[in-house]
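Report on the structure given below.
The analysis underlying the following values was restricted to heavy atoms, covering all of them including side chains, and did not include hydrogens, waters or symmetry mates. Just so it is clear: chains get the letters A, B, ... in the order the sequence lines come, proteins before strands, and each one is counted from 1. For clarity, every value in this text was computed on a predicted model and none was experimentally measured.
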Number of protein chains: 4
Amino acid sequence: MAVLDATGRLFATQGYDHLTIEGIAAEAGVSKQTIYRWWSSKSAVVADALIEDLLLPDHPVVPDTGDIRADLIAWMQSLIDLVAQPGNDGLVRSLVAAACENPDIGTRLNDALGITATVSTRIEAAVEAGQLPADLPVKEFVSALVGGFVLPSLERTEPAPDVAERLVRALLH
Amino acid sequence: MAVLDATGRLFATQGYDHLTIEGIAAEAGVSKQTIYRWWSSKSAVVADALIEDLLLPDHPVVPDTGDIRADLIAWMQSLIDLVAQPGNDGLVRSLVAAACENPDIGTRLNDALGITATVSTRIEAAVEAGQLPADLPVKEFVSALVGGFVLPSLERTEPAPDVAERLVRALLH
Amino acid sequence: MAVLDATGRLFATQGYDHLTIEGIAAEAGVSKQTIYRWWSSKSAVVADALIEDLLLPDHPVVPDTGDIRADLIAWMQSLIDLVAQPGNDGLVRSLVAAACENPDIGTRLNDALGITATVSTRIEAAVEAGQLPADLPVKEFVSALVGGFVLPSLERTEPAPDVAERLVRALLH
Amino acid sequence: MAVLDATGRLFATQGYDHLTIEGIAAEAGVSKQTIYRWWSSKSAVVADALIEDLLLPDHPVVPDTGDIRADLIAWMQSLIDLVAQPGNDGLVRSLVAAACENPDIGTRLNDALGITATVSTRIEAAVEAGQLPADLPVKEFVSALVGGFVLPSLERTEPAPDVAERLVRALLH
DNA sequence: CCATAACCGAGACGGTACGTCTGGTCTTCAA
DNA sequence: TTGAAGACCAGACGTACCGTCTCGGTTATGG
């Protein structure tokens with residue numbers, strides 16, 4: 001759909017708050033009414049664009065070297081590098097802002113950051129391999145890991161160079 | 001200041017997105033210009049109200065029984081109970097939304113949730129007491145703990161009854 | 001045609017300005033396209049409904065007592081009484097508004113008010129009977145008579161009780 | 001007021017139906033809200049513009065040669081010439097359409113066409129001079145005269161060259 | 001002790017975007 | 001082949017707030 005494409009394009013350049021229905025309609029060459037016919041609100045459009053994977057650049061994959069700690073650090077570092085690239089600085093904040101407005105986006109936020117497909121499975125593998133405790137609550141572990149990455153990014157402070165390593169060490173001590 | 005009081009009142013009832021400068025001005029019995037004279041934007045007003053502790057009900061204190069794990073679970077549970085109360089359901093989301101807009105709010109978000117004053121010190125105490133590893137990155141640990149609480153709340157799903165215990169276990173395994 | 005029936009029904013209840021093609025289509029149980037296939041615009045539909053005599057209640061007939069003055073007064077009075085009935089108050093205004101948009105309606109407005117069929121012939125008869133001057137411009141006379149009735153009705157003022165008599169006297173002095 | 005000026009300008013070029021609040025606002029260099037603050041609808045703006053005499057070019061004056069019939073014919077002819085000028089063709093229709101929507105405009109329509117100030121007084125003078133019957137209902141006479149001019153103009157037919165003379169003759173026979 | 005400034009409330013202003021409504025065109029599909 | 005259904009682009013509607021900008025009317029201070 002041209003609407004979702006346009007949404008993705010504008011989301012990348014302007015961020016979530018400056019996204020407007022009228023802007024999307026103009027960018028997509030579509031009338032406002034067409035958008036309102038199919039979506040109930042700005043956040044619903046964004047949620048669909050998120051599902052179609054049009055909002056984010058390619059998300060990094062968790063490597064699998066056998067060393068779960070090193071793998072997580074590497075993955076987290078590539079996440080940090082990704083949002084550190086110019087043009088991506090407001091990306092996480094925009095996503096979180098969208099999630100605050102729309103439960104669907106919240107639900108998909110984890111998926112959108114590529115977690116289910118990559119991190120959870122890697123961690124479950126590590127649990128089965130005996131590298132992590134057998135009773136580790138994986139879902140909560142992942143929430144904490146991602147939350148530990150997202151929360152500080154709301155402060156817009158330059159992250160310390162070793163923050164990936166420190167964050168993983170905070171969780172795997 | 002009447003403005004900050006009004007902001008706190010409206011924030012509680014309407015959430016951050018439905019907060020308007022005009023609404024605050026009317027609620028406070030003040031003219032818009034007066035608000036713009038002292039604050040640069042809606043988010044700046046909210047940031048100040050946050051500092052003055054007018055946005056949140058009393059935050060729970062971390063108990064100190066000597067058992068860091070039990071203490072954290074108890075604290076996390078009381079946090080969960082707090083936002084589960086009727087009228088408080090959008091509170092965390094509103095705060096996060098505000099933080100997305102304003103770096104100051106982001107910076108103070110941790111403080112606002114009472115963390116520095118209570119959790120960090122408790123954890124540092126546990127580190128010194130040898131209950132936690134000496135090289136634990138406390139800041140990142142706290143981020144992960146709070147992030148693990150905040151992130152799922154964006155999904156608006158009823159939290160599992162034992163989520164506090166599971167979250168702490170994910171971090172202290 | 002169900003369309004013209006529906007138009008007549010809606011015209012009576014809502015007046016011309018609040019008439020919409022979509023409303024007519026819905027009322028007639030017909031699709032918009034069907035209307036546009038057969039008529040070029042809203043005013044064309046109304047023009048046809050006017051021709052089919054579906055817009056107006058029965059128009060009064062000019063009596064023929066031999067006294068042209070008394071006949072015109074009686075006829076004018078019955079016209080006034082007609083539009084004074086509840087539900088008919090906006091009728092003349094609606095017709096005039098439609099005539100402003102569509103020349104066809106303008107052309108038929110005179111006919112619609114029953115003039116050609118009744119007044120003109122009655123007046124011509126009076127001319128031939130010597131009751132009115134032989135060189136009386138009948139068409140203009142009728143325009144003035146009807147115009148003298150229509151124009152004041154745009155003001156929505158309660159007409160004076162003897163306005164019929166006065167108007168005829170203004171023309172036949 | 002810039003709004004009324006702009007209204008007059010657009011009314012002349014586009015006619016009443018194509019007048020839009022947004023168009024007026026843009027033409028006047030004013031925000032829509034400013035218009036809505038002071039007027040309740042498009043027709044209210046037009047009514048005010050009409051009062052301020054911004055909608056119509058200069059209206060002709062009734063000459064006073066002593067011969068009431070010749071004077072009325074001359075005046076009526078100049079009215080006809082006025083609306084026959086290019087650019088003025090929809091003027092009467094637009095005014096009538098506006099009057100259909102708004103009682104105020106209807107009330108002022110007579111004044112707007114310059115009648116009170118010119119025709120009525122001239123006719124009253126003629127009555128006093130004995131040129132017209134003493135009991136002539138002046139108001140109705142003027143309505144019929146103007147109505148006889150307005151009604152045919154809704155048909156958009158080229159008026160006959162001697163229509164002024166014929167119309168006056170229809171009234172003064 | 002009063003002039004003068006700082007600050008206030010009120011609210012109009014030019015704007016942007018909202019979400020709705022209707023106009024007129026176009027395509028699909030069942031009868 | 002018609003017509004009901006309804007999606008589509010376009011654009012005006014009237015509303016809500018934005019952030020800026022006068023306006024007078026208090027305080028309240030300091031020359």
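Atom pair Lys42(B):NZ and dC18(F):P shows a separation of 7 Å (rounding to whole Å applied). With rounding to whole Å, Asp17(C) atom CG is found 18 Å from dC21(E) atom P. Here the P atom of nucleotide dA16(F) and the CG atom of Leu19(B) are 17 Å apart, to the nearest Å. Distance CD (Glu27(B)) to P (dC17(F)): 14 Å, rounded to an integer number of Å. Rounded to whole angstrom, the span from the CD1 atom of Ile24(A) across to the P atom of dT16(E) amounts to 18 Å. Taking atom CD of Glu22(C) as the reference point, atom C1' of dA7(F) lies 12 Å away to the nearest angstrom. Computed from coordinates, the Ile21(B) CD1 to dC17(F) P distance equals 12 Å when rounded to whole Å. Rounding to whole angstrom units, CD1 of residue Ile35(B) and P of dG11(E) are separated by 15 Å.
Interatomic distance, Asp53(A) CG to Arg108(A) CZ, rounded to the nearest 0.5 Å: 12.5 Å. In this structure, Phe11(A) CZ and Leu54(A) CG are separated by 11.5 Å, a value rounded to the nearest 0.5 Å. One finds the CZ atom of Arg156(B) at 3.5 Å from the CZ atom of Arg93(B) (value rounded to the nearest 0.5 Å). One finds the CD1 atom of Ile24(D) at 13.0 Å from the OG1 atom of Thr34(D) (value rounded to the nearest 0.5 Å).
Across all their heavy atoms, Glu27(B) and Ala6(B) have their closest contact at CG-CB, 3.4 Å.
The 5' end of DNA chain F is approached more closely, in terms of each residue's nearest nucleotide, by Met1(A) than by the other of Ser40(D) and Met1(A). Along DNA chain E, the nucleotide nearest Thr20(A) and the nucleotide nearest Val30(B) are compared for position; the residue whose nucleotide lies closer to the 5' end is Val30(B).
Comparing dT22(E), dC13(E), dC18(E) by their nearest atom to the side chain of Tyr36(A) picks out dC18(E). Checking dC8(E), dG19(F), dG3(F) against every side-chain atom of Thr34(C), the shortest atom distance belongs to dG3(F).
In terms of phosphate contacts, Arg37(C) brings no side-chain nitrogen or oxygen within less than 4.0 Å of OP1 or OP2 of dT2(F). For the OP1/OP2 pair of dA7(F) and a distance below 4.0 Å, the side-chain nitrogens and oxygens of Trp38(A) include no atom meeting the criterion.
Across all strands, Gly23(B) comes closer than 4.0 Å to no nucleic acid atom at all (heavy-atom distances). Base engagement by Lys32(B) is indicated by at least one non-hydrogen atom pair under 4.0 Å involving a base atom.
For Gln33(A) against dC8(F), no side-chain N or O and base N or O form a donor-acceptor pair under 3.5 Å.
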